[in-house]
Amino acid sequence: MKPLKQAKIRLKSSQNRLTFTVLAVAAVIFLVLCLVCRTPESDTAPEGDYAEYETGRVIKIMNDTTFRDPVSDNAYRGEQTLVVEVTSGQYEGEQLLVDNAVGPLFGVPVKVGDSIVMIISTYENGDVRATVHEYNRETALVIVILLFMLATVLVGGKTGAKSLLGLIITVICIFRILIPLLMKGL
């Protein structure tokens, strides 16, 4: 009986070493691929006309012509001109005049203090034009993701935690390795 038990312990020990070795090799390959796929980030603005999605907080509403349209099921219509303090990107800390077109299929009226996502278009001649894209829902999304992770661990226990780890690694590989390699033409 004793030799059989010792053989099982040795087998389990060799399986643990093999698992550790495979994980270590996978981690090294992952890090190498991340370094290969890394795109150089420059602090200078791109040349020519370009647009960026950035966040901001509404400071003041200069002009508001929005109204509820009974023809379109009381959806809002109209335009707003806003003063927005940019909270991300190259214009961070600056205040921009932002247009907000509101209609039944697009756009939402905003209030002072709302956090928004805007499209900032910068033109080659130096002109900057910003328009509201949508409310900034980053906080709500983070809360929903954390609740999902908590529910997964509470319901699935150790297996749920392992599945979350696998999901996180998959998402990182897709966005940090696969997509950059596809954009490089591989």
Side-chain angles (χ1 to χ4, degrees), residues 4-43 50-58 73 75-76 84-93 98 100 102-120 130-186:
L4 184 60
K5 197 172 191 178
Q6 288 175 346
K8 284 183 180 179
I9 291 172
R10 274 184 286 195
L11 179 62
K12 188 163 180 112
S13 176
S14 65
Q15 286 174 339
N16 286 341
R17 273 187 263 140
L18 179 64
T19 302
F20 179 75
T21 306
V22 168
L23 287 175
V25 169
V28 168
I29 291 171
F30 175 75
L31 291 173
V32 168
L33 285 173
C34 282
L35 289 173
V36 167
C37 298
R38 201 174 112 198
T39 55
E41 296 178 18
S42 65
D43 292 337
Y50 61 96
E52 302 168 297
Y53 286 88
E54 303 297 347
T55 58
R57 183 158 309 278
V58 178
D73 294 330
Y76 282 100
V84 175
E85 181 177 351
V86 182
T87 57
S88 67
Q90 69 173 342
Y91 297 106
E92 184 175 357
V98 179
N100 183 22
V102 180
L105 299 177
F106 59 89
V108 290
V110 296
K111 303 180 298 281
V112 172
D114 284 350
S115 180
I116 60 170
V117 175
M118 58 194 152
I119 303 171
I120 302 176
T131 56
V132 173
H133 177 67
E134 191 62 68
Y135 285 118
N136 185 4
R137 294 184 169 93
E138 187 175 273
T139 305
L141 286 173
V142 167
I143 290 170
V144 168
I145 289 170
L146 289 175
L147 287 174
F148 168 76
M149 293 172 84
L150 179 66
T152 303
V153 171
L154 287 176
V155 172
K158 193 174 180 181
T159 305
K162 286 179 182 179
S163 67
L164 278 178
L165 182 64
L167 180 65
I168 290 168
I169 290 171
T170 301
V171 169
I172 290 171
C173 286
I174 287 172
F175 287 102
R176 299 292 286 170
I177 296 173
L178 181 65
I179 292 175
L181 284 175
L182 288 173
M183 292 177 71
K184 288 183 176 183
L186 295 176

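Taking both residues in full, the closest heavy atoms of E54 and S88 are given as OE1-OG, 2.7 Å, listed atom of the first, atom of the second, then distance. Scanning both residues, V102 and P109, for their nearest heavy atoms gives CG1-CD, 3.8 Å. For M118 against A130, the heavy-atom pair with the smallest separation is SD-CB, 4.5 Å. Taking both residues in full, the closest heavy atoms of Y91 and V86 are given as O-CB, 3.3 Å, listed atom of the first, atom of the second, then distance.
How far CG of L154 is from CG of L147: 10.5 Å, rounded to the nearest 0.5 Å. Annotation: the span from N100 atom CG to Y76 atom OH amounts to 12.5 Å, rounded to 0.5 Å. Considering SG of C173 and CD1 of I179, their distance stands at 11.5 Å, rounded to 0.5 Å. Separation of atoms CD (E134) and CD1 (I119) is listed at 10.5 Å; rounding is to 0.5 Å. Interatomic distance, OG1 of T152 versus CG of L164, reported as 4.5 Å (0.5 Å rounding). Interatomic distance, CG of L182 versus CD1 of I177, reported as 12.0 Å (0.5 Å rounding).
Proximity of V110 to Y135: side-chain heavy atoms (C-beta onward) are separated by under 4.5 Å at one or more points. In this structure the side chain of H133 never reaches within 4.5 angstrom of the side chain of I116, judged on heavy atoms.
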